[in-house]
Number of protein chains: 2
Amino acid sequence: MNGKADILHRLRNEILNLELKPGTILSETVLSERFQLSRTPLRDILKQLAHEGYIHVYPKRGNVVSYIDLESVEQIIYLRSTLEKELIKNLASQQSPLSIQGVMKLNEILSRQEACIQQEDAHAAFLQLDDQFHKGLFEWAGRGFLWELIQQSNAHYERYRRLHMLQKEKLKVILAEHRSILSCITERRIEPIDELVIHHLREDIHTPYLRENFAEYLKT
Amino acid sequence: MNGKADILHRLRNEILNLELKPGTILSETVLSERFQLSRTPLRDILKQLAHEGYIHVYPKRGNVVSYIDLESVEQIIYLRSTLEKELIKNLASQQSPLSIQGVMKLNEILSRQEACIQQEDAHAAFLQLDDQFHKGLFEWAGRGFLWELIQQSNAHYERYRRLHMLQKEKLKVILAEHRSILSCITERRIEPIDELVIHHLREDIHTPYLRENFAEYLKT
DNA sequence: ATTTCGAAACTTGTATACAAGATTGGGTTT
DNA sequence: AAACCCAATCTTGTATACAAGTTTCGAAAT
């Protein structure tokens with residue numbers, strides 16, 4: 001099946017992978033030939049991608065894969081760190097006993113991240129598990145709705161993160177911080193949470209790593 | 001001019017006003033006759049409204065004005081209260097001196113809210129100024145981006161708020177709280193902010209006012 | 001009276017022709 | 001050689017015909 005949803009996912013992934021690099025022109029007619037679909041439904045798909053920030057539409061001129069906007073990345077990181085430190089504190093200070101399933105589910109994810117670190121070439125899998133961990137926290141706190149809301153504006157942050165995480169030594173740090181966060185919840189320690197979450201999400205936004213190595217993908 | 005943007009705004013407003021009540025069917029053909037525009041661009045508009053939560057699309061069956069989803073309202077209120085208490089604390093604890101313009105702009109808004117309370121029939125104006133005040137806080141803290149992001153998911157919260165604020169005695173309380181928030185910032189008092197913001201945004205979500213008086217507009 | 005069936009009349013979804021703005025490139029003018 | 005202009009050819013935007021589900025409603029069968 002070559003349904004609209006599949007094509008949308010496919011284009012989204014190609015942009016996230018950088019198979020479609022920032023600046024690439026996405027012409028409706030070219031895409032309609034590629035996917036054997038007429039322009040009308042393809043326009044719907046492009047509208048959606050534009051709404052999520054994956055492409056930029058120049059009226060009557062064309063559609064271009066958007067350049068990574070570090071300003072947007074910083075705003076999303078602020079949003080996420082603010083929200084996550086709040087909801088993690090909510091979990092840790094919750095009166096009723098914590099659900100065993102919640103803890104086990106997150107521990108399972110962390111084990112699989114551990115396994116990824118051993119393997120070569122498990123970067124993509126590690127990042128996917130990273131998302132699952134954070135999504136799990138949102139859902140555990142009853143805030144899955146807000147996770148989904150943030151995902152709708154993730155085109156810049158997600159590409160930033162993938163490039164940023166190419167620095168391999170970071171993976172171990174991330175995993176360790178995940179363990180710390182989870183232990184804060186289970187052991188009801190509120191006090192370290194703010195610093196922990198801020199360090200986990202905000203630490204590296206200021207490093208010049210991206211500007212030095214991937215300037216051609218960045219919005220000027 | 002009957003551009004697409006105008007029609008979008010118009011439909012959005014009619015839904016927010018409850019001129020178009022939850023459950024109303026929005027047929028593409030009917031709308032295309034009303035606005036003298038063909039179905040293709042109208043579909044774009046409906047897609048946008050659907051994305052923002054104003055309408056619900058039943059595939060191959062039709063488009064219906066969405067019922068107010070109190071769950072979505074609660075989630076947005078949690079998001080806003082969490083974010084706003086953080087960014088207001090950021091403003092209040094900022095090292096550099098506060099910009100005079102920022103303070104004056106917000107004070108001007110509060111004066112106009114004061115004026116609205118005197119008049120009859122200035123409900124709509126009061127609510128608009130309420131938005132301007134909160135938007136002003138976001139922008140002052142350098143977070144206008146996040147304000148706009150939240151606005152994209154405001155279909156339920158905005159209708160909730162308009163109905164909720166019909167309780168007239170609330171307006172004075174709101175204005176007083178706005179003044180308190182602003183004074184916390186200018187006088188650098190961090191400590192009361194959390195409670196103040198939570199009270200301001202979350203206080204009334206639990207009251208049964210809407211369920212009793214406007215059950216026919218609510219999602220079941 | 002009740003159920004069942006099916007055609008007609010709806011709905012949105014897709015393909016395609018045409019409109020109209022934007023760009024490009026070559027030939028003319030200066 | 002440089003500037004200009006206009007036509008050809010891109011692009012997206014719009015209108016419309018047609019496809020394909022869904023519902024409705026009445027007639028026929030039980």
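Quick note on labels: first sequence line is chain A, next is B, and so on, each numbered from 1.
- No more than 12 heavy atoms of other residues, nucleotides or ligands sit less than 6.0 Å from atom CZ of Arg10(B).
- No side-chain donor-acceptor contact under 3.5 Å links Lys85(A) to the backbone of Thr82(A).
- Applying the 6.0 Å contact sphere to CD of Gln128(B) captures no more than 12 heavy atoms from other residues, nucleotides or ligands.
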Quick test: give all pairs of protein nitrogen or oxygen and nucleotides 21-24 of chain C nitrogen or oxygen below 3.5 Å, distance rounded to 0.1 Å.
residue: dT23(C); atom: OP1; partner: Arg61(A); partner atom: NE; Å: 3.4
residue: dT23(C); atom: OP1; partner: Arg61(A); partner atom: NH1; Å: 2.8

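- Using a 4.0 Å cutoff on non-hydrogen atoms, the parts of residues 37-56 of chain B near DNA chain D are Leu37(B), Ser38(B), Arg39(B), Thr40(B), Pro41(B), ordered by number.
- A salt bridge is absent between Glu108(A) and Lys105(A); no separation between the charged side-chain nitrogens and carboxylate oxygens falls under 4.0 Å.
- Whole-Å rounding puts the Glu33(B) CD to dT16(D) C1' distance at 14 Å.
- Note on Ile25(A): nothing from the nucleic acid sits closer than 4.0 angstrom, heavy atoms only.
- Taking 4.0 angstrom as the limit, Asn63(A) places a side-chain polar atom (N or O) nearer than this to OP1 or OP2 of dT12(D).
- Ring geometry, Tyr209(B) versus Phe214(B): the interplanar angle exceeds 60°, so the pair is classed perpendicular (tilted spans 30 to 60°).
- For Phe35(A) and dA15(C), the CZ to C1' distance is 18 Å, given to the nearest whole Å.
- Between the side chain of Gln113(B) and the backbone N or O of Ala125(B) there is no donor-acceptor pair closer than 3.5 Å.
- Not one side-chain nitrogen or oxygen of Lys4(B) sits closer than 4.0 Å to the OP1 or OP2 atom of dG13(D).
- With DNA chain C read from its 5' end, the first of the two nearest nucleotides for Tyr58(B) and Gln36(A) is the one closest to Tyr58(B).
- Cation-pi contact between Arg202(B) and Tyr78(B): absent, since separation from the ring centre below 6.0 Å together with deviation from the ring axis within 45° is not met.
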Under 3.5 Å donor-acceptor pairs involving side-chain atoms of residues 45-53 of chain A, not counting sequence neighbours:
residue: Lys47(A); atom: NZ; partner: Asp44(B); partner atom: OD2; Å: 3.1
residue: Gln48(A); atom: NE2; partner: Glu52(A); partner atom: OE2; Å: 2.6
residue: His51(A); atom: NE2; partner: His51(B); partner atom: NE2; Å: 2.6
residue: Glu52(A); atom: OE1; partner: Arg12(A); partner atom: NH1; Å: 2.6
residue: Glu52(A); atom: OE2; partner: Arg12(A); partner atom: NH1; Å: 2.7

